[in-house]
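As structure tokens, the structure follows; a few thoughts come after it.
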Amino acid sequence: MIYITGDTHNTTDMSNLSSKNMKLCCMEQKVDFHDISTAIVLGDFGLPWYECPVDEKGIHPVDHTDRYLLKWYKEKPFTILAVQGNHDNYDMIEKLPEMEMFGNKALKLSENVYYLKRGELYLIEGKRFLALGGAMSDDKSWRTPHESWWSHEEWTEEEKTSLISKLPDIQVDYVLSHTGPSAGIALTDDFFSNQIHLDELHNDSTVVLNDDIDSKLSYKKWFFGHWHTDWGYEHYSESKYVPLYHQGIIL
């Protein structure tokens, strides 16, 4: 059974994957928490946040917070998969070892914790997922490059071209991203009922990419985080766009 939730921001929102929170969401959806075998975080996983050694076994944090969080995750009875967000350390992500899993390659943090690669397809428990990720940080002017902000949060032109060229041949059940397509983001706040505000979303190249994908791809549901809202949890049955933050959806 797959559990999908929003940003965890290193330890700030780690409670999204606490047993207490997950059990409450499972109870509301009338499923057994103990049946969860895979949990997916929709970006801003934030681990590791600081530079640390990496080998074929994954990361070896030297920062005490990163070390504590990885230990906490290792004790979970399920596999954790993270979409790449905008508040993630891409310098470290690029150093992670690749592992064959779910019909593709994922980036290993530990034996049960992985990042999904952007623009790749994964077959997880019989369901087909397209993993996207990334977003433009609107707070980057207050952040420090390679310490709290990484330019690779936005896709390169080569990455975008490669993915778009594959779309005609892609069959997918679900899309996983960090920020959403503009049609999904518009549902999160009445602020976007104003066309001027909605158009401003296209200042983010990742939203532009997601809109292009949305216009070309057939899928059942599009899950995304970033906007810190559980609108998608409340309207899951009626919407194909599912923004999540603290709540979790069971597939």
If we count only N and O atoms by modelled type, under 3.5 Å, do the side chains of [X] and [Y] hold a donor and an acceptor together?
{"X": "Gln247", "Y": "Thr5", "value": "no"}
{"X": "His226", "Y": "Asp44", "value": "no"}
{"X": "Glu28", "Y": "Tyr233", "value": "yes"}
{"X": "His246", "Y": "Asp230", "value": "no"}
{"X": "Trp155", "Y": "Thr206", "value": "no"}
{"X": "His202", "Y": "Asp211", "value": "yes"}
{"X": "Tyr219", "Y": "Asp214", "value": "yes"}
{"X": "Arg118", "Y": "His178", "value": "no"}
{"X": "Asp35", "Y": "Ser37", "value": "no"}

- If you count the non-hydrogen atoms of other residues, nucleotides and ligands that lie under 6.0 Å from CD in Glu75, is the total more than 12? yes
- Message: For Asp190, is the CG atom crowded, meaning more than 12 foreign heavy atoms sit under 6.0 Å from it?
- Response: no
Quick one: pull up [atom1] in [X] and [atom2] in [Y] and give me the separation to the nearest 0.5 Å.
{"X": "Tyr114", "Y": "Leu96", "atom1": "OH", "atom2": "CG", "value": "11.5 Å"}
{"X": "Glu200", "Y": "Asn194", "atom1": "CD", "atom2": "CG", "value": "8.0 Å"}
{"X": "Tyr115", "Y": "Ile80", "atom1": "OH", "atom2": "CD1", "value": "11.5 Å"}
{"X": "Leu209", "Y": "Ile213", "atom1": "CG", "atom2": "CD1", "value": "4.0 Å"}

- Message: Under the criterion ring-ring contact (aromatic ring centres under 6.0 Å, His included), I'd like the reasoning laid out for Trp149 against Tyr90: C-alpha separation, chi angles, the key distance, then a yes or no.
- Response: CA-CA 9 Å; Trp149 175 75; Tyr90 279 92; over 10 Å; no
Side chain [X], main chain [Y], donor-acceptor under 3.5 Å:
{"X": "Thr156", "Y": "Glu159", "answer": "yes"}
{"X": "Gln29", "Y": "Gly248", "answer": "yes"}
{"X": "Asn10", "Y": "Leu47", "answer": "no"}
{"X": "Tyr122", "Y": "Lys117", "answer": "yes"}

- What do the steps show when you test Leu167 against Ile170 for side chain to side chain contact (heavy atoms under 4.5 Å, CB included), and what is the final call? CA-CA 5 Å; Leu167 288 180; Ile170 288 178; 3.9 Å; yes
Residue pair [X] / [Y]: nearest heavy atoms and the distance that separates them:
{"X": "Asp88", "Y": "Gly46", "result": "OD1-N, 2.6 Å"}
{"X": "Cys26", "Y": "Ile250", "result": "SG-CD1, 4.0 Å"}
{"X": "Pro243", "Y": "Thr188", "result": "CG-CG2, 3.8 Å"}

Check the angle between the aromatic planes of [X] and [Y] and answer parallel, tilted or perpendicular using the 30° and 60° thresholds.
{"X": "Tyr174", "Y": "Phe223", "result": "tilted"}
{"X": "His9", "Y": "His87", "result": "tilted"}
{"X": "His235", "Y": "Trp231", "result": "parallel"}

- Query: Stepwise, does the side chain to side chain contact (heavy atoms under 4.5 Å, CB included) test hold for Ile185 with Trp227?
  - Reply: CA-CA 8 Å; Ile185 297 168; Trp227 293 92; 3.5 Å; yes
- Tell me, with the steps shown, if Lys74 and Glu111 meet salt bridge (charged side-chain N to carboxylate O under 4.0 Å, His left out). CA-CA 8 Å; Lys74 283 182 174 180; Glu111 289 300 329; over 6 Å; no
- Query: Please walk me through it: do His197 and Phe191 pass ring-ring contact (aromatic ring centres under 6.0 Å, His included)?
  - Reply: CA-CA 7 Å; His197 295 157; Phe191 177 80; 3.7 Å; yes
- ring-ring contact (aromatic ring centres under 6.0 Å, His included) evaluation trace for Tyr73 with Tyr68: CA-CA 9 Å; Tyr73 283 141; Tyr68 164 77; 9.5 Å; no
- Message: Closer than 4.0 angstrom, basic N to acidic O: yes or no for Asp173 and Lys127?
- Response: no
- Under 4.0 Å between a Lys/Arg side-chain N and an Asp/Glu carboxylate O for Asp139 and Arg143? yes
- Message: Does the Lys NZ or Arg CZ of Lys140 fall within the cation-pi geometry relative to Trp142 - under 6.0 Å from the ring centre and within 45° of the axis?
- Response: no
- Check whether NZ of the Lys or CZ of the Arg Lys221 lies under 6.0 Å from the centre of the six-membered ring of Tyr236 and within 45 degrees of that ring's axis. yes
- Task: Answer whether the closest heavy-atom distance between the side chains of Met136 and Ser205 falls below 4.5 Å.
- Result: no
- Validation row, ring centre Trp49 to ring centre Trp150 under 6.0 Å: yes
- Audit row: Lys105, Glu100, side chain to side chain contact (heavy atoms under 4.5 Å, CB included) steps and yes/no: CA-CA 5 Å; Lys105 292 183 178 179; Glu100 293 282 348; 3.0 Å; yes
- Item | salt bridge (charged side-chain N to carboxylate O under 4.0 Å, His left out) between Lys216 and Asp212, intermediate numbers included | CA-CA 7 Å; Lys216 293 179 168 69; Asp212 195 12; 2.2 Å; yes
